[in-house]
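Positions are given from 1 along the sequence. Everything numeric here is computed off the predicted structure, so don't read it as measured data.
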Amino acid sequence: MTPTKKIYYLSSCDTCQRILHELRTLEDFIFQDVKEEPICENDLDFLKNFTSKYELLFNKRAKLYKERNLNQKELTEKDYKDLILEHYTFLKRPIVVIDDHIVLGNATKIIKETRKHL
């Protein structure tokens, strides 16, 4: 079971670092660096329940996305799920889970949305 307050992030991502700097003061959050501890299938399925699609959890800005010419292919939901589980870079981040809400993406709105749901 996924905790009710969790942040999935990438420590080498400048945007994640900027957002985490704003959110680190929040109490009772579990922080998971997806490079050091890749997301598991159960957690990914849990997140998909909020978005209804794996595609919405998929990072189409990932370097590997372009390198593998995935932008030239029609990917299925299974493809999106398998790719996210295969390599951390395909997971959109940061993702903030607060009870029955998630906030995802790399815009500064994530800070505002996160605070709104606390």
Side-chain angles (χ1 to χ4, degrees):
M1 178 72 183
T2 300
T4 58
K5 289 185 177 182
K6 187 168 188 175
I7 299 176
Y8 298 90
Y9 72 100
L10 179 61
S11 60
S12 59
C13 171
D14 290 339
T15 302
C16 284
Q17 288 302 320
R18 181 174 41 80
I19 291 169
L20 286 179
H21 179 73
E22 293 290 328
L23 299 178
R24 281 268 183 209
T25 59
L26 299 177
E27 295 181 14
D28 302 324
F29 273 83
I30 294 171
F31 293 85
Q32 181 175 335
D33 181 348
V34 295
K35 183 175 182 179
E36 299 298 320
E37 183 184 346
I39 192 164
C40 68
E41 186 172 4
N42 286 341
D43 284 359
L44 184 58
D45 290 341
F46 176 83
L47 295 174
K48 187 246 181 197
N49 287 334
F50 288 101
T51 62
S52 75
K53 290 182 166 188
Y54 292 109
E55 181 179 8
L56 296 176
L57 298 167
F58 189 85
N59 178 14
K60 292 183 179 177
R61 294 181 175 197
K63 189 176 177 182
L64 283 179
Y65 181 70
K66 293 175 183 94
E67 286 176 1
R68 293 183 183 181
N69 293 317
L70 296 173
N71 56 336
Q72 304 296 319
K73 300 177 182 177
E74 287 199 33
L75 300 175
T76 66
E77 278 295 292
K78 182 179 179 344
D79 293 330
Y80 287 119
K81 178 181 181 179
D82 291 345
L83 286 164
I84 292 169
L85 292 172
E86 174 194 323
H87 201 278
Y88 67 88
T89 194
F90 289 123
L91 180 66
K92 191 177 281 189
R93 70 237 171 227
I95 297 175
V96 179
V97 178
I98 304 170
D99 300 321
D100 59 349
H101 299 282
I102 69 166
V103 184
L104 63 141
N106 59 7
T108 50
K109 71 174 184 150
I110 198 168
I111 296 167
K112 184 178 178 182
E113 286 295 313
T114 299
R115 293 187 189 280
K116 180 173 120 179
H117 292 291
L118 290 175

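- Put simply, CG on L85 and CD on E41 are 5.5 Å apart, with the number rounded to the nearest 0.5 Å.
- Between D43 and K6 there is a salt bridge, since at least one side-chain N of the basic residue sits less than 4.0 Å from a carboxylate O of the acidic one.
- With contacts defined as side-chain heavy-atom distances shorter than 4.5 Å, the pair Y8/E37 does not qualify.
- F50 is connected to L104 through a chain of hydrophobic side-chain contacts under 4.5 Å among Ile, Leu, Val, Met, Phe, Trp and Tyr, so both are in one cluster.
- When side chains are defined from C-beta on, L75 does not count as touching E55, because their heavy atoms never get closer than 4.5 Å.
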D79 and L70: CA distance, side-chain angles, deciding distance, side-chain contact (heavy atoms from CB on, under 4.5 Å) verdict | CA-CA 10 Å; D79 293 330; L70 296 173; over 6 Å; no

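- More than 12 heavy-atom neighbours from other residues, nucleotides or ligands sit within 6.0 angstrom of NZ on K66.
- Between I7 and I19 the shortest side-chain heavy-atom distance does not fall below 4.5 Å.
- Side-chain contact check for V34 versus Y9: every heavy-atom pair is 4.5 Å or farther apart.
- For the pair R61/K92, no side-chain contact is recorded, criterion being any heavy-atom separation below 4.5 Å from C-beta on.
- Rounded to the nearest 0.5 angstrom, K48 NZ and E77 CD are separated by 6.5 Å.
- Here the straight-line distance linking atom OH of Y54 with atom CG of L83 works out to 13.0 Å at 0.5 Å rounding.
- Few gaps surround CG on N49; more than 12 heavy atoms of other groups in view lie less than 6.0 Å from it.
- No side-chain heavy atom of I95 sits less than 4.5 Å from a side-chain heavy atom of I39.
- For the pair K63 and T89, the minimum side-chain heavy-atom distance is 4.5 Å or more.
- In plain terms, the two heavy atoms of R93 and C16 that are nearest each other are CG-SG, 3.6 Å.
- Tested against L10, the residues T15, L91, N59, D33 include a single side-chain contact (heavy atoms from CB on, under 4.5 Å) partner, D33.
- F46 and L56 are members of different hydrophobic clusters when ILVMFWY side chains are connected at heavy-atom separations under 4.5 Å.
- Separation of atoms NZ (K35) and OG (S12) is listed at 5.0 Å; rounding is to 0.5 Å.
- The two residues D28 and K5 make their nearest non-hydrogen contact at O-CB, 3.4 Å.
- Classified by interplanar angle (parallel below 30°, tilted 30° to 60°, perpendicular above 60°), the ring pair F90/F58 is parallel.
- Using the six-membered ring where Trp is involved, F31 and F29 have ring planes that are tilted, between 30° and 60° apart.
- Residues N71 and K60 are not in side-chain contact: their nearest non-hydrogen atoms beyond the backbone lie 4.5 Å or more apart.
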